[in-house]
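Here the structure comes first, spelled out in structure tokens, and everything after it is commentary.
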Amino acid sequence: MEADMTAVAEMLKASEAAVVSRVSLREVNRVIDEHIIPDSFVSLDNGRHVSAVSCWMIAFYFDSAKRLTAEERMNTIDEAVKRLRRNPIRDWSVLLGQDWTVRDEFLTIDLGPFVRGVAERVDELDAARAMVTVSDDVLSGTPVIRGTRIPVYDVAASVAAGVPQQRILAAYPGLGEREVRLASIYAEANPARGRPRSMGELPEGARIVTDRRVVRRRKTE
């Protein structure tokens with residue numbers, strides 16, 4: 001884990017929080033609307049945002065739904081919030097060094113795995129952001145993978161469509177497995193706006209791996 005990771009207080013867009021928490025965007029909106037996390041961790045200015053540190057609480061709330069009641073989950077989150085307020089933490093390295101075991105009568109819950117999982121995904125989100133660049137001089141401002149002219153959303157679309165990774169790597173020789181993974185993270189955290197690209201033309205930087213045409217049979221009357 002990087003020592004200079006994003007501060008835990010950073011406000012993430014709802015779509016970014018969904019990726020980091022591994023929940024749906026709808027569930028992030030539910031957390032905000034139902035005040036499952038304290039309002040102090042939420043900002044509604046210029047769009048919906050939640051603090052990075054609250055994402056492991058969101059992950060816990062939904063991941064534990066089959067084993068714990070809503071009241072037990074809320075009590076656990078309340079205890080975690082109390083600890084954060086008693087000892088404000090500004091970076092992930094300190095947060096990861098804390099004991100996040102919560103005890104409530106007969107119930108003992110270890111929040112450590114949720115803290116570690118979210119910290120790792122915040123790190124990947126940071127890496128995905130750093131990998132992507134936008135310039136008016138490159139493809140009219142289309143987000144591309146740094147050092148290339150490959151649109152990040154085209155790579156992510158291939159992954160989402162279930163194209164095997166080896167075919168993606170063959171189509172984009174300048175990329176490695178890490179870049180492909182981070183492209184998916186970036187696209188999920190920053191959903192593209194507008195109409196999807198027409199599939200009639202290959203994006204710049206791609207090449208044809210196979211070209212197999214199927215002859216259509218005419219219907220018989």
Side-chain angles (χ1 to χ4, degrees), residues 1-25 27-32 34-43 45 48-132 176-179 181-186 188-190:
M1 191 64 58
E2 298 291 339
D4 57 349
M5 292 181 63
T6 304
V8 296
E10 181 197 3
M11 301 304 289
L12 302 178
K13 294 181 299 185
S15 55
E16 293 175 325
V19 171
V20 170
S21 305
R22 281 192 178 171
V23 300
S24 68
L25 180 58
E27 288 169 327
V28 171
N29 286 322
R30 178 187 165 191
V31 161
I32 295 172
E34 297 181 10
H35 306 283
I36 292 171
I37 57 175
D39 290 345
S40 58
F41 290 153
V42 176
S43 172
D45 296 333
R48 292 187 158 205
H49 295 75
V50 299
S51 65
V53 72
S54 68
C55 287
W56 56 270
M57 301 176 200
I58 298 173
F60 161 74
Y61 185 84
F62 289 106
D63 283 357
S64 62
K66 292 183 178 180
R67 297 187 178 185
L68 301 174
T69 66
E71 182 179 2
E72 289 169 336
R73 286 177 283 154
M74 287 302 299
N75 288 341
T76 302
I77 290 174
D78 288 345
E79 176 58 30
V81 171
K82 288 177 183 177
R83 293 188 188 183
L84 287 173
R85 286 175 174 166
R86 284 196 300 266
N87 301 294
I89 297 172
R90 296 186 178 182
D91 62 71
W92 286 101
S93 61
V94 176
L95 191 73
L96 290 167
Q98 303 291 311
D99 177 11
W100 288 102
T101 302
V102 175
R103 296 178 177 83
D104 181 14
E105 296 182 355
F106 62 88
L107 191 62
T108 300
I109 300 172
D110 182 10
L111 295 172
F114 297 99
V115 177
R116 291 190 293 273
V118 164
E120 290 171 1
R121 291 190 290 275
V122 167
D123 202 14
E124 286 204 318
L125 177 61
D126 281 347
R129 290 167 171 167
M131 183 190 74
V132 176
E177 293 181 2
R178 180 175 183 272
E179 286 79 14
R181 185 182 75 257
L182 293 180
S184 292
I185 293 172
Y186 182 90
E188 189 177 354
N190 301 276

[X] to [Y] - nearest heavy-atom pair and separation:
| X | Y | answer |
| --- | --- | --- |
| Arg73 | Ala65 | NH1-CB, 3.6 Å |
| Pro38 | Val81 | CG-CG2, 3.8 Å |
| Val50 | Ala17 | CG2-CB, 3.4 Å |
| Trp92 | Val118 | CH2-CG1, 3.8 Å |
| Ile37 | Ser54 | CD1-OG, 3.7 Å |
| Met74 | Ile36 | CE-O, 3.4 Å |

So do the side chains of [X] and [Y] get within less than 4.5 Å of each other, counting heavy atoms only?
| X | Y | result |
| --- | --- | --- |
| Arg22 | Phe62 | no |
| Leu107 | Leu68 | yes |
| Ile109 | Thr101 | no |
| Val42 | His49 | no |

Could you state the interatomic distance from [atom1] ([X]) to [atom2] ([Y]), rounded to the nearest 0.5 Å?
| X | Y | atom1 | atom2 | value |
| --- | --- | --- | --- | --- |
| Ile77 | Lys82 | CD1 | NZ | 13.0 Å |
| Thr76 | Arg103 | OG1 | CZ | 12.5 Å |
| Glu188 | Leu25 | CD | CG | 10.0 Å |
| Arg116 | Leu96 | CZ | CG | 8.0 Å |
| Ser43 | Ile32 | OG | CD1 | 9.5 Å |
| Asp45 | Met11 | CG | CE | 9.0 Å |

Donor-acceptor pair, [X] side chain versus [Y] backbone, under 3.5 Å?
| X | Y | answer |
| --- | --- | --- |
| Ser15 | Ala189 | yes |
| Trp100 | Leu95 | yes |
| Glu27 | Ser24 | yes |
| Glu120 | Gly117 | no |
| Ser21 | Ala18 | no |
| Glu72 | Thr69 | yes |

Heavy-atom neighbours of [X] [atom1] exceed 12 at 6.0 Å:
| X | atom1 | result |
| --- | --- | --- |
| Glu34 | CD | yes |
| Arg181 | CZ | yes |
| Arg67 | CZ | no |

**Working for side-chain contact (heavy atoms from CB on, under 4.5 Å), residues Thr108 and Val102** = CA-CA 6 Å; Thr108 300; Val102 175; over 6 Å; no
**Prompt:** By side-chain contact (heavy atoms from CB on, under 4.5 Å), which residues pair with Val132, not counting sequence neighbours?
**Reply:** Pro143, Val152, Tyr186
**Message:** Taking ring pair (Phe, Tyr, Trp, His ring centres under 6.0 Å) as the cut-off, I'd like each qualifying pair that reaches into residues 106-127, sequence neighbours left out, listed once.
**Reply:** Phe60-Phe114
**Item:** CA sep, side-chain torsions, deciding dist, call: Leu125, Arg121, side-chain contact (heavy atoms from CB on, under 4.5 Å)
**Value:** CA-CA 6 Å; Leu125 177 61; Arg121 291 190 290 275; over 6 Å; no
**Item:** Arg85 and Ser40 side chains, donor-acceptor separation under 3.5 Å
**Value:**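 Their side chains do contain a donor-acceptor pair, which is all the 3.5 Å distance test asks for.
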**Item:** Check ion pair Arg83-Glu79 (N to O, under 4.0 angstrom)
**Value:** yes
**Message:** Taking Glu10 first and then Arg129, would you say they form a salt bridge - that is, a charged N and a carboxylate O separated by under 4.0 Å?
**Reply:**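 Counted as a salt bridge, because a side-chain N and a carboxylate O are separated by less than 4.0 Å.
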**Message:** Run the ring pair (Phe, Tyr, Trp, His ring centres under 6.0 Å) test against Tyr61 and tell me which residues pass, sequence neighbours left out.
**Reply:**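 Here no residue qualifies.
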**Item:** side-chain contact (heavy atoms from CB on, under 4.5 Å) between Leu12 and Cys55, intermediate numbers included
**Value:** CA-CA 9 Å; Leu12 302 178; Cys55 287; 3.9 Å; yes
**Prompt:** Would Asn190 and Glu16 count as a side-chain contact (heavy atoms from CB on, under 4.5 Å) if you check the C-alpha gap in whole Å, the side-chain angles of each, and the deciding distance to 0.1 Å?
**Reply:** CA-CA 7 Å; Asn190 301 276; Glu16 293 175 325; 4.2 Å; yes
